[in-house]
**Student:** 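So that we are looking at the same thing, I have put the structure below in structure tokens.
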Amino acid sequence: MSLITELLIALFLTLFIANYFKLQRLRRRYPPGPAPLPIIGNLWTLNFTLHHDTLMQLAKTYGNVFTVWLGQKPAVVLNGYQAMRDGLISHSEELVGRPTTATYQELSRGKGVLFSSGHNWKQQRRFGMTSLRNLGVGKKSLEARIQEEAQSLVEFFVKTKGRSLDPFQTIVHSVANVISAVVFGHHFARDDEEFHQLIEANDVVARKLGSAWGRLFDAFPWLMQHLPGPHQDIFRSNAFLEEFMKKEIQSHKENGVPEEPQDMIDFYHTKISSDSPDVASTFDEYNMVRLAADLFLAGTETTTTTLRWTLLYMVKHPEIQEKVKKELDDVLGKSQIIHYEDRKRLPYTNAVIHETQRISSIVPIGLFRKTVKETSLQGLNIEKGSLIIPNYSSVLFDPDHWETPRHFNPGHFLDKEGKFVNKEAFLSFSAGHRVCLGETLARIELFIFFTSLLRAFTFRLPEGMKNVIMDPIFGGTLQPQPYQICAVPC
């Protein structure tokens, strides 16, 4: 071994040991957690992912507020209902920030609403909420649009004549057309190839955002940005999303009527014009692109994935499916148009929808938060600027709040008289200042789509298939494995 090689090895070991002791000093400033290794932190312990079950296991050792190190960056995990309520609701103002991770910056440059923070986030979120209300969310006008898409979905299934199919493409198309009506002011034909590409790009971002490759990119961006891998698929798909939004925005510029805004893009153009003298305004073209992309991403992925899980659970539990169908027939009959208000007369059906959202836990780990001021959670001091990881699955599976947390049980949302009851530990749409912007729209869609399908069909496995695979695909959202079902007309 040459002298130069020996010196390099000695230098590496010296730096390694120095970094180790530096991390041991730094970790004293944070809640307890597993000891980090130099360079990779706790990524090895976490299998280079942030799996909700792994975090729940660590909580048993270190408590429900604990620290993991993503490379050289500490992150405070909130686990279980009490810790999550303390952080997201009681201290919502302190935890309202969004960290500037490498992935978030690459996706949005701090613009839009999903990955932004501070003044930009406040203005864009307020505008987004106002636009959704103006465009009919929670009103009969948009509900009628959802009913039309639900009927289109039913008609598509009718054409299959009970044959086996993967329902993903037809469900995602119908769901995406609802948010498209809000953002773009029109819907897309089922054979529109560019729209299929948009849906595919949207799916790639949602599936791969929370993968191990995303964690590695956040920990080592200076290296990962030069390496091939699935993380590059996320950024290519995100670029396609943005280009699609830009085309829609340009089309609105050329063909829209400013005095008669019909969709979110129209309202945004009007806002840009009216805010031009305001130096504090964040309303610009790229924020419009990002807000449109964020609304499409969130408004398509979560509802589609939940509906796919719902049909899968109906196939796995045919006795529950029959109880839903009986309640629908008894209360609504075969011809009555389904309205969101009908949920009050359909407690069991409503409970099944909520239980699917709970047990499928499609967003197990929420988007990272950041403390905007020093605070205290569960008696532990949290520094300003700390990265916060909310473990939503730990609340939805919390044994203190759910009788059978790991089993599909609509009774979780029913009282002894069979009436529907809301549960405070049902945090499928997050909570506090960062609660899901499209919660109302998602609730209406889930109810109308699900009840429309269950009233028209009995869903079962194809002939010869006996097992229902319930293992999810882990990523930014928990999606079911691709599956085949038969929609048999009633």
Side-chain angles (χ1 to χ4, degrees), residues 26-27 29-36 40-92 94-105 107 114-115 117 209-219 361-372 375-378 380-398 427-436 474-478:
L26 286 174
R27 64 189 292 235
R29 294 161 43 185
Y30 295 91
I40 65 171
N42 296 127
L43 288 175
W44 180 263
T45 305
L46 300 168
N47 294 320
F48 293 90
T49 64
L50 282 173
H51 198 286
H52 50 285
D53 283 334
T54 303
L55 297 180
M56 282 186 265
Q57 287 299 318
L58 289 173
K60 293 178 180 179
T61 301
Y62 300 104
N64 282 324
V65 178
F66 64 95
T67 305
V68 293
W69 290 73
L70 309 179
Q72 300 290 288
K73 297 178 182 178
V76 178
V77 178
L78 305 184
N79 189 85
Y81 174 72
Q82 291 301 328
M84 287 281 281
R85 179 179 175 81
D86 193 18
L88 303 190
I89 299 176
S90 301
H91 293 85
S92 183
E94 294 95 320
L95 269 65
V96 76
R98 192 74 82 199
T100 53
T101 67
T103 300
Y104 292 175
Q105 280 297 107
L107 288 173
L114 278 181
F115 307 107
S117 197
L209 186 58
S211 67
W213 290 90
R215 299 285 79 80
L216 286 170
F217 187 85
D218 280 339
S361 185
I362 65 168
V363 184
I365 303 296
L367 293 175
F368 295 165
R369 305 283 188 97
K370 183 180 73 173
T371 52
V372 297
T375 188
S376 175
L377 299 176
Q378 302 287 282
L380 296 169
N381 184 65
I382 310 295
E383 294 184 356
K384 177 183 177 180
S386 295
L387 191 154
I388 305 292
I389 300 175
N391 186 356
Y392 289 104
S393 286
S394 69
V395 181
L396 298 175
F397 297 152
D398 191 330
L427 295 183
S428 286
F429 294 100
S430 189
H433 293 317
R434 284 274 185 178
V435 68
C436 175
F474 184 82
T477 57
L478 290 186

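Heads up: numbering here begins at 1 and tracks the sequence.
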**Student:** Quick check: closest heavy atoms across His52 and Leu478, and the distance to 0.1 Å?
**Tutor:**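 Closest approach of His52 to Leu478: CE1-CD1, 3.7 Å.
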**Student:** So, Asn64 side chain and Gly80 main chain: donor-acceptor pair closer than 3.5 Å or not?
**Tutor:** no
**Student:** Do you know the tightest heavy-atom contact between Thr375 and Glu94?
**Tutor:** OG1-OE2, 3.7 Å
**Student:** Are the side chain of Asn381 and the backbone of Tyr30 linked by a donor-acceptor contact shorter than 3.5 Å?
**Tutor:**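 No: the side chain of Asn381 does not pair with the backbone of Tyr30.
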**Student:** Between Thr371 and Gly385, is there a donor-acceptor pair closer than 3.5 Å when you use the side chain of the first and the backbone of the second?
**Tutor:** yes
**Student:** Taking all non-hydrogen atoms of both residues, which atom of Ala59 and which atom of Asn79 are closest, and how far apart?
**Tutor:** CB-ND2, 3.4 Å
**Student:** Which atom names give the shortest non-hydrogen contact between Ala35 and Asn42, and what distance separates them?
**Tutor:**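 Of all heavy-atom pairs spanning Ala35 and Asn42, the closest is O-ND2, 3.1 Å.
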**Student:** Could you tell me the separation between the CZ atom of Phe66 and the CG atom of Leu78, rounded to the nearest 0.5 Å?
**Tutor:** 9.0 Å
**Student:** In the structure I gave you, are the side-chain heavy atoms of Val68 and Thr45 within less than 4.5 Å of one another anywhere?
**Tutor:** no
**Student:** Are Leu95 and Leu377 close enough that some pair of their side-chain heavy atoms sits under 4.5 Å apart?
**Tutor:**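 Sidechains of Leu377 and Leu95: in contact.
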**Student:** Grab the two heavy atoms, one from Arg215 and one from Leu43, that are nearest each other, plus how far apart they are.
**Tutor:** CB-CD2, 4.5 Å
**Student:** Could you check whether any side-chain N or O of Ser430 sits under 3.5 Å from a backbone N or O of Leu427, counting only pairs where one atom can act as donor and the other as acceptor?
**Tutor:** no
**Student:** Kindly say whether His433 contributes a backbone atom to a donor-acceptor pair with the side chain of Ser92 at under 3.5 angstrom?
**Tutor:** yes
**Student:** Any sub-3.5 Å donor-acceptor pair from Ser211's side-chain atoms to Gly475's backbone N or O?
**Tutor:**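 Judged by distance alone, no pair lies under 3.5 Å.
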**Student:** Looking just at side-chain N and O atoms, do Tyr392 and Ser361 make a donor-acceptor pair shorter than 3.5 Å?
**Tutor:** no
**Student:** To the closest 0.5 Å, what do you measure between OG (Ser394) and CG (Leu55)?
**Tutor:** 8.5 Å
**Student:** Rounded to the nearest 0.5 Å, what's the gap from CG on Asp218 to OG1 on Thr103? Could you check?
**Tutor:**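 One gets 3.5 Å once the value is rounded to the nearest 0.5 Å.
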**Student:** When rounded to the nearest 0.5 angstrom, what distance separates CG in Leu387 from CD1 in Ile382?
**Tutor:**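 One finds 11.5 Å between CG of Leu387 and CD1 of Ile382.
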**Student:** Would you confirm whether Ser117, through its side chain, and Arg98, through its main-chain N or O, come within 3.5 Å as a donor-acceptor pair?
**Tutor:** yes
**Student:** Between the main-chain N or O of Gln378 and the side-chain N or O of Asp86, is there a donor-acceptor pair closer than 3.5 Å?
**Tutor:** yes
**Student:** Keeping Arg369 on the side-chain end and Pro390 on the backbone end, is there a donor-acceptor pair under 3.5 Å?
**Tutor:**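 Not at all, since once roles are kept as given, no pair shorter than 3.5 Å links the two residues.
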**Student:** Should Leu380 and Val76 be marked as a side chain to side chain contact (heavy atoms under 4.5 Å, CB included) after you check the CA-CA gap, both sets of side-chain angles, and the distance that decides it?
**Tutor:** CA-CA 11 Å; Leu380 296 169; Val76 178; over 6 Å; no
**Student:** How many angstroms lie between CE in Met84 and CD1 in Ile388, if you round to the nearest 0.5 Å?
**Tutor:** 11.0 Å
**Student:** Angle between ring planes, Tyr104 versus Phe115, binned at 30° and 60°: parallel, tilted or perpendicular?
**Tutor:**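 Rings of Tyr104 and Phe115: tilted, as their planes differ by 30° to 60°.
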**Student:** For a 4.5 angstrom cut-off between non-hydrogen side-chain atoms, does Val77 reach Tyr62?
**Tutor:**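 A side-chain contact is absent here, since even the closest heavy-atom pair is not under 4.5 Å.
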**Student:** Working to the nearest 0.5 angstrom, can you tell me the gap between Phe368 CZ and Leu50 CG?
**Tutor:**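 Those atoms lie 5.0 Å apart.
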**Student:** Work out which heavy atom in Ala431 is nearest to a heavy atom in Ile89; give both atom names and the distance.
**Tutor:** CB-CG1, 3.7 Å
